[in-house]
Amino acid sequence: MIFSNMVLIPKCKSRVILFLWLLGIIALLNGSAVEARIRRYKWEVKYEYKSPDCLKKLVITINGRTPGPTITAQQNDTIIVELTNSLLTENVAIHWHGIRQIGTPWFDGTEGVTQCPILPGTTFKYQFVVDRAGTYLYHAHYGMQREAGLYGSIIVGLPDGKSEPFTYDYDRNIILNDWYHKSTYEQAAGLSAIPFQWVGEPESLLIHGTGKFNCSTLTTPSLDAGICNATNPDCEPFRLIAVTGKTYRLRISSLTALSALSFQIEGHNMTVVEADGHYVEPFVVQNLFLYSGETYSVLVKADQDPTRNYWITSNIVGRSAPNTPPGLGVFVYYPNHPRRSPPTTPPPPPLWNNTDPRLAQSHAIKARQGYIHTPPSRPDRVIVFLNTQNTINGNVRWSVNNVSFALPHTPYLIALKENLTHVFDENPPPDGYDFQNYDIRIVQENRNATSSNGVYRLNFNSTVDIILQNANSMSLKTSETHPWHLHGHDFWVLGYGEGKFDMFNDPKKYNLVNPIIKNTVPVHPYGWTALRFRADNPGAWAFHCHIESHFYMGMGVVFAEGIDKVGKLPSSIMGCGETQGLYRP
């Protein structure tokens, strides 16, 4: 017998206890005493009648909510989402926007690329690791369901004991969106119609799920007199309660279907500190410009007159939308009444067609000192993507290098892994366009394009440069802003420029010292944006314009890399196209 804390313990048992105690000490010394957690969510996706902007319509909810529940986790936690599709007549898939899915490419949630859709009445389990702290998103990636309300946030904190390079008192989350009254079915039918029927500008702008449509402007009297009700609690404006002297971290993200936005808090400066999960060298703005798919963190100090409240506004930039009212919220100084309106009119927005401040913000976003990860010095491959609007057999389409993208019936990841390569076009899409003769500032005489579901095959671990080149659409003097999002990777943003990219001189101007790392980036009107990434994540990954209608109309590509290194595919992602025989529930 031996003594341990004055308690008599048998010798064999005491050795086990001592061994376990030593293991604990070793774990503490290695900094691994706290293990990553498993965070489980059970979601039901279904249609419900809601009035986000006071007008009642069918929206897609998660557990009755839109935006859906916020996923909160710490770095290296495992997320498990059991999703039941109760839409009855629609498939569904959810993409985890900004989560790289290292080792789990089949759970990226991109229908047609990484999985078959989730059928009505079935339950599908997503399981993945959030490997990096930051602000991320999730949203539908089937058809145009995202703009029907199926979206939400993912907030990933640092592990215990780690700290960020800035301080704040409170952490708040805001998703910005635009809102249409037409259903996604009506919009998709118009986009596919001959003659073409454009979706138009949104009826409202939402700040974290709420906006205010002017019911008196309804052009068609409704049979249901209560279909638009300005007093509906669903459309109460977003309110942020602030305490004088406190600093707030606002995680602001955009999941608009179409619009580029400016965001401001009346009378308050915002210090930008994070973009797409990466720390930014801080800079101050009064207007924050956001493009669909982007996330930012800004620090705001409640340092103004506390006897009044202040407007929070979002406005459309980059497009003329005179009939879309601004999104309005209220920055409430405690203990003022939350329903007290600010004594002023909302601050004026930036000029919608002035690209200078938007380009200046893009140039200002650099990696924070102490958190710089420099890119490889040179690429192994350069691909230039010319963004154009075209026609194919009378249909209006968006194209890349004169090729409009179409999803195959069998998802790429499964087809590539199971060697079903006959299900998509095996001819590789073009790496460029006619640089010498193409005039990006005019409407082309020949507007015809081709359609393809071919894939860009990248050498594993190679360094790839992407040049996004903007051009005139099929409308005179019109070049639209396109936010491009890359699945499965982050990329270095090497630079932006105006006019046509010069492949000999512009690379000399790249920022290789402290470029920001992102997963979504805009290409500005008549301009170019240069990106660099490592093809080091085995799988098949979408890269596309994050505007819903543009991707629906063909503005995207798919990259494949390291397919031989992809693990065994779960049968749950199968069941469509030529994978029907492989599905085992």
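Every value quoted in this text rests on a predicted model; they were computed, and no experiment measured them.
Classification of the Phe543-Trp484 ring pair by plane angle, with boundaries at 30° and 60°, yields tilted. Using cut-offs of 30° and 60° for the angle between ring planes, the Phe551 and His544 rings count as parallel. By the 30° and 60° cut-offs, the orientation of the rings of Trp96 relative to Tyr126 is perpendicular. His97 and His139 have tilted rings, their planes meeting at an angle from 30° to 60° on a 0 to 90° scale. The aromatic rings of Tyr496 and His524 sit tilted relative to each other, their planes meeting at an angle between 30° and 60°.
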*Using the salt bridge (Lys or Arg N to Asp or Glu O under 4.0 Å) rule, take Lys518 and Asp490 through it: C-alpha gap first, then chi angles, then the decisive distance, then the call.*
CA-CA 5 Å; Lys518 294 182 95 267; Asp490 291 333; over 6 Å; no
*Would Tyr291 and His546 count as a ring-ring contact (aromatic ring centres under 6.0 Å, His included) if you check the C-alpha gap in whole Å, the side-chain angles of each, and the deciding distance to 0.1 Å?*
CA-CA 9 Å; Tyr291 307 91; His546 213 257; over 10 Å; no
*Decide yes or no on side chain to side chain contact (heavy atoms under 4.5 Å, CB included) for Ile154 and Leu137, but give the supporting numbers first.*
CA-CA 5 Å; Ile154 304 172; Leu137 299 161; over 6 Å; no
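Interatomic distance, Thr110 OG1 to Ile94 CD1, rounded to the nearest 0.5 Å: 11.5 Å. Distance check: Ile60 CD1 to Arg146 CZ gives 12.5 Å after rounding to the nearest 0.5 Å. Taking CZ from Arg172 and NE2 from His208, the interatomic distance works out to 11.5 Å, rounded to the nearest 0.5 Å. The CD1 atom of Ile207 sits 6.5 Å away from the CG atom of Leu328 when rounded to the nearest 0.5 Å. Note that CZ of Phe263 is 8.5 Å distant from CG of Leu290, once rounded to the nearest 0.5 Å.
Without hydrogens or angle criteria, Asn309 side chain to Ser341 main chain gives no donor-acceptor distance under 3.5 Å. Between the side chain of Asn85 and the backbone N or O of Gly121 there is no donor-acceptor pair closer than 3.5 Å. Proximity of a side-chain donor or acceptor of Tyr333 to a complementary backbone N or O of Gln304 within less than 3.5 Å is detected. Looking at Ser192, its side chain never comes within 3.5 Å of a backbone N or O of Ala189 through a donor-acceptor pair. In this structure, the side chain of Thr217 engages the main chain of Asn214 through a donor-acceptor pair within 3.5 Å. Under a 3.5 Å cut-off, the side chain of Ser475 and the backbone N or O of Thr478 do not form any donor-acceptor pair. The closest donor-acceptor contact from the side chain of Glu90 to the backbone of Leu87 lies at 3.5 Å or more, if one exists at all. Lys57 places no side-chain N or O within 3.5 Å of a backbone atom of Ala148 that could act as its donor or acceptor partner. Side chain of Gln115 to main chain of Ile573: no donor-acceptor pair is present (N/O by atom type, distance under 3.5 Å, no hydrogens or angles). Within the 3.5 Å criterion, the main-chain N or O of Phe405 finds a donor-acceptor partner in the side chain of Arg397.
By the SG-distance test at 2.5 Å, no disulfide connects Cys228 to Cys54.
Lys182 has no carboxylate O lying under 4.0 Å from a charged side-chain N of Glu203, or vice versa, which leaves the two without a salt bridge. Salt-bridge formation is not detected for the pair Arg368/Glu274: no Lys NZ or Arg NE/NH1/NH2 atom is positioned less than 4.0 Å from an Asp or Glu carboxylate oxygen. Salt bridge annotation for Lys212-Asp53: absent, with no cationic side-chain nitrogen under 4.0 angstrom from a carboxylate oxygen. The existence of a salt bridge linking Arg39 and Asp77 is confirmed by a sub-4.0 Å separation between a basic side-chain nitrogen and an acidic carboxylate oxygen.
The minimum heavy-atom distance between Pro326 and Asn315, with the atom names listed, is CB-OD1, 3.2 Å.
Atom OH of Tyr49 is surrounded by 12 or fewer heavy atoms from other residues, nucleotides or ligands within 6.0 Å. Around atom OH of Tyr371, more than 12 heavy atoms belonging to other residues, nucleotides or ligands sit under 6.0 Å away. Environment of NZ in Lys366: crowded, with over 12 heavy atoms of neighbouring residues, nucleotides or ligands closer than 6.0 Å. For Gln127, the CD atom is densely surrounded, since the number of other residues' heavy atoms within 6.0 Å is greater than 12.
The residue from Ile174, Thr70, Asp171 that alone fulfils the side chain to side chain contact (heavy atoms under 4.5 Å, CB included) condition with Arg251 is Asp171. Here the rule is side chain to side chain contact (heavy atoms under 4.5 Å, CB included) with Thr295, and of Ile175, Thr135, Ile155 only Thr135 fits it.
Side-chain N/O atoms of Thr61 and Thr66 include no donor and acceptor closer than 3.5 Å. Remark: the Ser259 side chain and the Asp178 side chain contain an N/O donor-acceptor pair separated by less than 3.5 Å. Using modelled atom types, one finds no donor on one side chain facing an acceptor on the other under 3.5 Å when comparing Glu44 with Asn63. Side-chain contact, Arg37 with Gln74: a donor N or O sits under 3.5 Å from an acceptor N or O.
Residues forming a side-chain hydrogen bond (donor to acceptor under 3.5 Å, both in side chains) with Arg339 (at least two apart in sequence, or on another chain): Glu236. Cys116 meets the disulfide bond (SG atoms under 2.5 Å apart) test with Cys576; sequence neighbours excluded. Remark: Phe533 pairs with His489, Phe559 by the ring pair (Phe, Tyr, Trp, His ring centres under 6.0 Å) rule, at least two apart or across chains.
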